[in-house]
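Below is one structure, written out as C-alpha cells; the observations come after it.
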Amino acid sequence: MAAEKSAAGFVDTSVHVEVKDYYGNMLKNSSDLKTNACLAPAQSVPAFIRQALQKVHPEVTARFYGCGLVVPECLESCKILDLGSGSGRDCYMLSQLVGQTGHVTGIDMTEDQLAVARAYMDYHMQEFGYKKPNVSFVQGYIEALREAGLIENAFDIIISNCVVNLSPDKKRVLTEAFSILKEGGELYFSDIYSSGRLPEEIKSHKILWGECLGGALWWKDLLQLAEDVGFSPPRLVTASIITVDNKELQDVLGDFKFASVTYRMFKMPKGGAESCQVVYEGNMRGLEDSFYFDCQYSFKAGQVVQVDGDVANILKHSRFADEFTFRPAGGATEPCAAKFKTIVDPFELSQRPASASWGRCNTQSAACCK
C-alpha cells in the first residue's frame with residue numbers, strides 16, 4: 001500500500017494506513033479483536049478511578065483498545081497528552097482527575113475513532129459538571145506531535161495505552177514526546193514488549209501488527225532508546241504476560257513471548273542527585289496511606305525510605321516534589337526499599353504475584369523486596 005502525505009506534511013506510511021483501516025473499519029468494538037493483547041488485564045483499581053470510568057459513555061468504552069490502565073498519580077491541574085487516544089475513554093476518565101483547572105489533549109490519526117470521542121464531548125462535560133471543556137482532540141501522528149500543533153515544553157504528563165507498538169518509528173515517537181514535555185515531566189505508558197527482537201515474518205504480518213504484537217519492541221531496546229533520546233532510565237511499574245489463543249497466529253509467533261508492561265520515564269534536568277531519604281506526606285488523592293512508585297519503591301505515608309540517586313532526582317524535580325520531605329542519606333529507614341535488586345526484566349516481574357496489583361506493594365510484597 002502506497003504511502004500518503006498528511007496535511008501537516010508527515011509521511012503517512014503503509015503501516016499507518018493499514019493501522020487506520022484496522023482500527024477504523026475492521027474493528028467495531030473490543031470483541032472483534034483476535035488476541036487479548038489490546039485489552040486491559042484484570043487488576044485491582046482504586047474506587048475513585050472506577051467511579052471515573054463508570055461516568056464514561058458506554059459507546060466510548062466499547063471502542064476502547066488498550067493493554068493497561070494508564071493512570072499516573074498526582075494529577076490535579078495537570079496538562080496531560082494522550083498518545084493514540086482512540087475513542088477517548090482515557091481522556092474522559094483523566095478529565096475528572098485533573099479537574100476543571102487541568103486539561104487533557106488526545107491525539108489520534110484515525111478519524112473514525114476521533115469522531116466517536118468528539119461526539120460525546122458535551123455529554124461528558126455535563127456529566128462531570130464542568131462549565132467549559134477541559135478536553136480536546138487533535139488529528140495527528142504520535143511521530144509528529146509538533147506538526148500537529150502541540151507546543152514544546154508544554155505538558156506535565158504524557159500517557160499512552162498500547163499505541164507506541166503500532167508505530168514503525170518508535171525512536172521518533174519518544175523524541176517528539178520528550179520535546180513537548182516540560183522539564184520534570186513524565187511519560188507514563190503501557191505497551192506490549194517482546195522477549196527478543198522480532199523477525200520480519202512477524203513484523204510484516206498485518207493482523208499481528210494490528211493486534212499490537214507484530215510491532216512489539218524488545219524490552220531491552222526500550223532502555224537504549226530512552227537513553228538515546230534523553231529520558232531518565234525507564235522505571236518498571238507493572239507487567240503481565242499476554243496469551244494468544246488463536247492457533248494460527250501462535251504458530252507464526254513461535255517461541256516469542258509477549259508482556260503488557262507499564263513504564264514511567266522522566267525528562268530530568270542535567271546533573272544527577274545523590275541517594276537520600278524521603279518521607280511521603282500522604283496527600284495524594286486516593287493514595288493517602290501509600291504511594292506505589294514502581295516495582296522497586298513503595299512509599300508508606302510517614303515512613304522514612306532510602307532512595308537511589310535516580311529516584312531522588314525524579315522526586316525532587318517532578319510534580320512529586322511537594323509530596324515528599326527530603327533528608328540526607330543515612331540513619332534508620334524502611335527496610336524493604338533500602339537495598340535490594342532492581343528489577344528491569346518485565347518477564348521476570350510478570351512471574352511475581354504483586355506485579356498485577358494496583359499500588360499494593362509493601363514490605364511483604366515479593367515484587368518489591370528481594
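For the numbers below, each heavy atom of this structure counts, side chains included, while hydrogens, waters and symmetry mates do not.
Between atom CG of residue Leu174 and atom CD of residue Glu143 there is a gap of 10.5 Å, rounded to the nearest 0.5 Å. In this structure, CD on Gln51 lies 13.0 Å from CE on Met93, to the nearest 0.5 angstrom. In this structure, Leu94 CG and His103 NE2 are separated by 12.5 Å, a value rounded to the nearest 0.5 Å. To the nearest 0.5 angstrom, Phe256 atom CZ is 6.5 Å from Ser195 atom OG. One distance of note links CG of Leu69 with CD1 of Ile49; it measures 6.0 Å at 0.5 Å rounding. Rounding to the nearest 0.5 Å places CZ of Arg319 at 6.0 Å from CZ of Phe266.
Shortest non-hydrogen contact noted between Pro72 and Ile157 is CG-CG2, 4.0 Å. Here the closest heavy-atom approach between residue Ser232 and residue Ala226 is recorded as O-CB, 4.4 Å. Here the closest heavy-atom approach between residue Val244 and residue Leu213 is recorded as CG2-CD1, 3.8 Å. The heavy-atom pair separating Leu187 from Leu181 by the smallest distance is N-CD1, 4.0 Å. Taking all atoms of both residues into account, the shortest heavy-atom contact from Gly102 to Asn134 is O-CB, 3.4 Å. Here the closest non-hydrogen pair linking Glu201 and Val252 is OE2-CG1, 4.2 Å.
A salt bridge links Asp221 to Arg197: at least one charged side-chain nitrogen sits closer than 4.0 Å to a carboxylate oxygen. Between Glu348 and Arg352 there is a salt bridge, with a side-chain nitrogen of the basic residue lying less than 4.0 Å from a carboxylate oxygen of the acidic one.
Around the CG atom of Asp322, the shell of radius 6.0 Å holds no more than 12 heavy atoms that belong to other residues, nucleotides or ligands. A 6.0 Å sphere centred on NZ of Lys182 holds more than 12 heavy atoms belonging to other residues, nucleotides or ligands. In the displayed structure, Asn153 atom CG is contacted under 6.0 Å by more than 12 heavy atoms of other residues, nucleotides or ligands. A 6.0 Å sphere centred on CZ of Arg327 holds no more than 12 heavy atoms belonging to other residues, nucleotides or ligands.
Judged as a side-chain contact (heavy atoms from CB on, under 4.5 Å), and not counting sequence neighbours, the contacts of Ser204 are Glu200. For Lys270, there are no salt bridge (Lys or Arg N to Asp or Glu O under 4.0 Å) partners two or more places apart in sequence or in a different chain. Taking Asp310 as the reference, nothing meets the salt bridge (Lys or Arg N to Asp or Glu O under 4.0 Å) condition, with sequence neighbours excluded.
Checked by atom type and distance alone, the side chain of Glu176 pairs as donor or acceptor with a backbone atom of Arg146 at under 3.5 Å. A donor-acceptor pair under 3.5 Å links the side-chain atoms of Ser275 to the main chain of Val307, judged by distance alone. For Trp218 (side chain) and Leu198 (main-chain N/O), no donor-acceptor pair under 3.5 Å exists by modelled atom type. Side-chain N or O atoms of Lys267 include one that pairs as donor or acceptor with a backbone N or O of Phe178 at under 3.5 Å. With hydrogens and angles ignored, the 3.5 Å screen pairs a side-chain donor or acceptor of Arg50 with a backbone N or O of Val45. A donor-acceptor pair under 3.5 Å is absent between the side-chain atoms of Gln224 and the main chain of Asp228, judged by distance alone. For Ser167 (side chain) and Val164 (main-chain N/O), no donor-acceptor pair under 3.5 Å exists by modelled atom type. Not a single donor-acceptor pair under 3.5 Å links the side chain of Gln54 to the backbone N or O of Ala52.
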Walk me through it: do Leu222 and Lys170 pass the test side-chain contact (heavy atoms from CB on, under 4.5 Å)?
CA-CA 9 Å; Leu222 173 70; Lys170 295 168 179 60; over 6 Å; no
The test is side-chain contact (heavy atoms from CB on, under 4.5 Å); show your working for Lys300 and Val305 and say whether it passes.
CA-CA 9 Å; Lys300 189 172 182 180; Val305 178; over 6 Å; no
From CA spacing to verdict: side-chain contact (heavy atoms from CB on, under 4.5 Å), Val344, Lys220:
CA-CA 9 Å; Val344 296; Lys220 290 186 178 181; over 6 Å; no
Apply the test side-chain hydrogen bond (donor to acceptor under 3.5 Å, both in side chains) to residues Tyr263 and Asp191: give CA-CA distance (whole Å), side-chain angles for both, the deciding distance (0.1 Å), then the verdict.
CA-CA 8 Å; Tyr263 283 104; Asp191 213 61; over 6 Å; no
Report the C-alpha separation of Asn283 and Glu288 in whole Å, then their side-chain angles, then the decisive distance to 0.1 Å, and conclude whether the side-chain contact (heavy atoms from CB on, under 4.5 Å) test is met.
CA-CA 6 Å; Asn283 294 324; Glu288 291 80 9; over 6 Å; no
Evaluate the side-chain hydrogen bond (donor to acceptor under 3.5 Å, both in side chains) criterion for residues Asn161 and Ser190: first the C-alpha distance (whole Å), next the side-chain angles of each, then the deciding distance (0.1 Å), finally the verdict.
CA-CA 5 Å; Asn161 199 333; Ser190 289; 5.1 Å; no
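A heavy-atom distance below 4.5 Å is found between the side chains of Tyr292 and Val237. The shortest distance between side-chain heavy atoms of Thr262 and Phe189 does not fall below 4.5 Å. Using a 4.5 Å cut-off on side-chain heavy atoms (C-beta onward), Phe326 and Leu315 make contact. Between Leu145 and Val173, the closest side-chain pair of non-hydrogen atoms is not below 4.5 Å. Residues Ile314 and Phe293 are in side-chain contact: their nearest non-hydrogen atoms beyond the backbone lie under 4.5 Å apart. The closest side-chain heavy-atom distance from Glu183 to His317 is not below 4.5 Å. Two residues are said to be in side-chain contact when any heavy atoms from C-beta on lie closer than 4.5 Å; Met265 and Arg235 fail this criterion. Using a 4.5 Å cut-off on side-chain heavy atoms (C-beta onward), Gln100 and Lys132 make contact.
Within the structure, side-chain hydrogen bond (donor to acceptor under 3.5 Å, both in side chains) pairs that include any residue of residues 118-130 comprise Glu59-Tyr120 (at least two apart or interchain). Every pair passing salt bridge (Lys or Arg N to Asp or Glu O under 4.0 Å) that includes a residue from residues 255-265 is listed here, sequence neighbours excluded: Glu73-Arg264, Glu186-Arg264.
Proximity of the aromatic rings of Tyr193 and Phe258 is defined here by a centroid distance below 6.0 angstrom, and this criterion is not met. Aromatic rings from Tyr92 and Phe137 are positioned such that their centres are separated by under 6.0 Å.
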Report all side-chain donor-acceptor pairs from residues 75-87 shorter than 3.5 Å, counting only partners two or more places apart or in another chain.
residue : atom : partner : partner atom : Å
Ser77   : OG   : Thr101  : OG1          : 2.7
Ser85   : OG   : Ile107  : N            : 3.3
Ser87   : OG   : Val60   : O            : 2.7

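Here the options are Phe324, Tyr280, Phe320, the test is ring-ring contact (aromatic ring centres under 6.0 Å, His included), and the partner is Phe299; only Phe324 passes.
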